[in-house]
Amino acid sequence: MAPRLSSISAAARLLGGPGPRRAELEAAAAARFYSKDNEGSWFRSLFVHKVDPRKDAHSTLLSKKETSNLYKIQFHNVKPECLDAYNSLTEAVLPKLHLDEDYPCSLVGNWNTWYGEQDQAVHLWRFSGGYPALMDCMNKLKNNKEYLEFRKERSQMLLSRRNQLLLEFSFWNEPQPRAGPNIYELRTYKLKPGTMIEWGNNWARAIKYRQENQEAVGGFFSQIGELYVVHHLWVPLVRHMESRIMIPLKISPLQ
């Protein structure tokens with residue numbers, strides 16, 4: 001703006017010396033420049049979509065407020081020749097952790113994949129109390145000799161493993177034990193960054209159409225691990241099957 005004011009002053013000096021006349025000319029010229037700037041700003045504003053950014057975390061906006069449950073999902077890729085031995089081993093050890101009140105964790109479900117990735121085991125855990133409960137379990141397991149032996153034996157049966165920490169969507173029912181036999185479907189979606197809120201809003205309206213037949217088991221989004229990942233767990237009707245299909249293990253509360 002400084003160069004414009006200098007040119008205004010220069011024009012005033014050419015038309016007259018100091019005095020009221022010069023002041024009037026400067027004011028009139030400045031008004032014309034400011035008027036053009038305001039018009040340009042108003043015109044540009046027609047093409048600018050202003051959105052107030054949300055500073056809230058996804059965990060605050062999408063998760064359940066009345067609970068502080070944290071979930072961990074584990075994917076174990078098992079050597080094909082070791083799958084039966086792996087299942088027997090997990091069925092012998094994991095229920096003990098589930099039933100031990102000293103550990104603030106519980107098994108939600110245990111499955112082998114039937115369609116999708118083959119020779120894979122999936123385990124879903126719930127930690128009642130959030131991150132403090134998770135850390136409490138991890139510290140106690142470091143001193144659990146039976147569990148350490150279990151991990152050592154299990155490691156010889158695995159090709160790879162990965163896990164994620166999850167929160168549950170507020171509009172989904174909390175996973176509850178089910179009588180079987182059932183076939184489960186786990187659908188996994190990788191979202192574009194910035195679209196998690198929109199995803200949650202759309203599914204909050206749509207989920208009622210899949211709850212009529214008790215198809216919806218649980219809905220989760222990643223908190224630690226690969227971000228912007230959503231998992232939907234269903235007991236699907238045959239016509240809806242299209243993703244990872246899983247068969248429960250004997251120890252799974254979800255049968």
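Computed from a predicted structure; not experimentally measured.
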Donor-acceptor contacts, no H, no angles, side chain residues 101-110, under 3.5 Å, sequence neighbours left out:
residue : atom : partner : partner atom : Å
Asp102  : OD1  : Lys140  : NZ           : 3.1
Tyr103  : OH   : Asn144  : ND2          : 3.0
Asn110  : ND2  : His123  : ND1          : 2.8

With a 4.5 Å heavy-atom cut-off, do [X] and [Y] have their side chains touching?
X: Val235; Y: Tyr184; value: yes
X: Tyr228; Y: Lys190; value: no
X: Tyr86; Y: Arg154; value: yes
X: Lys142; Y: Leu148; value: no
X: Glu81; Y: Met157; value: no
X: Asn77; Y: Arg161; value: no
X: Leu165; Y: Ser222; value: no

Residue from Gln74, Gln223, His231 passing side chain to side chain donor-acceptor pair (under 3.5 Å) with Gln164: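 Going through Gln74, Gln223, His231 one by one, the side chain to side chain donor-acceptor pair (under 3.5 Å) with Gln164 is satisfied by His231 alone.
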Polar contact flag, side-chain donor to acceptor under 3.5 angstrom, Trp111-Gln120: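 Gln120 and Trp111 do not have a side-chain donor-acceptor pair below 3.5 Å.
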Would Asn87 and Asn112 count as having a side-chain donor-acceptor pair, cut-off 3.5 Å?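 On atom types as modelled, these side chains qualify, holding a pair under 3.5 Å.
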For the pair Leu159 and Val78, evaluate side-chain contact (heavy atoms from CB on, under 4.5 Å) and give the outcome as yes or no after the intermediate values. CA-CA 6 Å; Leu159 294 171; Val78 185; over 6 Å; no
So, [X] versus [Y], ring centres under 6.0 angstrom or not?
X: Phe221; Y: Phe169; value: yes
X: Trp199; Y: Tyr189; value: yes
X: Trp203; Y: His232; value: yes

Return the minimal non-hydrogen interatomic distance between Leu158 and Lys79, and the atom names on each side.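 It is O-CE, 4.0 Å.
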Looking at [X] and [Y], would you say the former's side chain and the latter's main chain have a donor-acceptor pair under 3.5 Å?
X: Glu185; Y: Ile183; value: no
X: Asp100; Y: Lys96; value: no
X: Asp136; Y: Pro132; value: no

CD of Glu153: more than 12 outside heavy atoms within 6.0 angstrom?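 No.
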Taking the six-membered ring of Phe75, is the NZ or CZ of Arg162 close enough (under 6.0 Å from the centre) and on axis enough (within 45°)? yes
Using 4.0 Å as the upper bound for N to carboxylate O, is an ion pair formed by Arg151 and Glu149?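 Salt bridge flag = no for Arg151 with Glu149.
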Is there a side-chain contact (heavy atoms from CB on, under 4.5 Å) between Ile73 and Val122 once you walk through the steps? CA-CA 7 Å; Ile73 190 168; Val122 180; 4.0 Å; yes
Please lay out, stage by stage, how Leu167 and Tyr71 fare under the test side-chain contact (heavy atoms from CB on, under 4.5 Å). CA-CA 6 Å; Leu167 294 176; Tyr71 291 81; over 6 Å; no
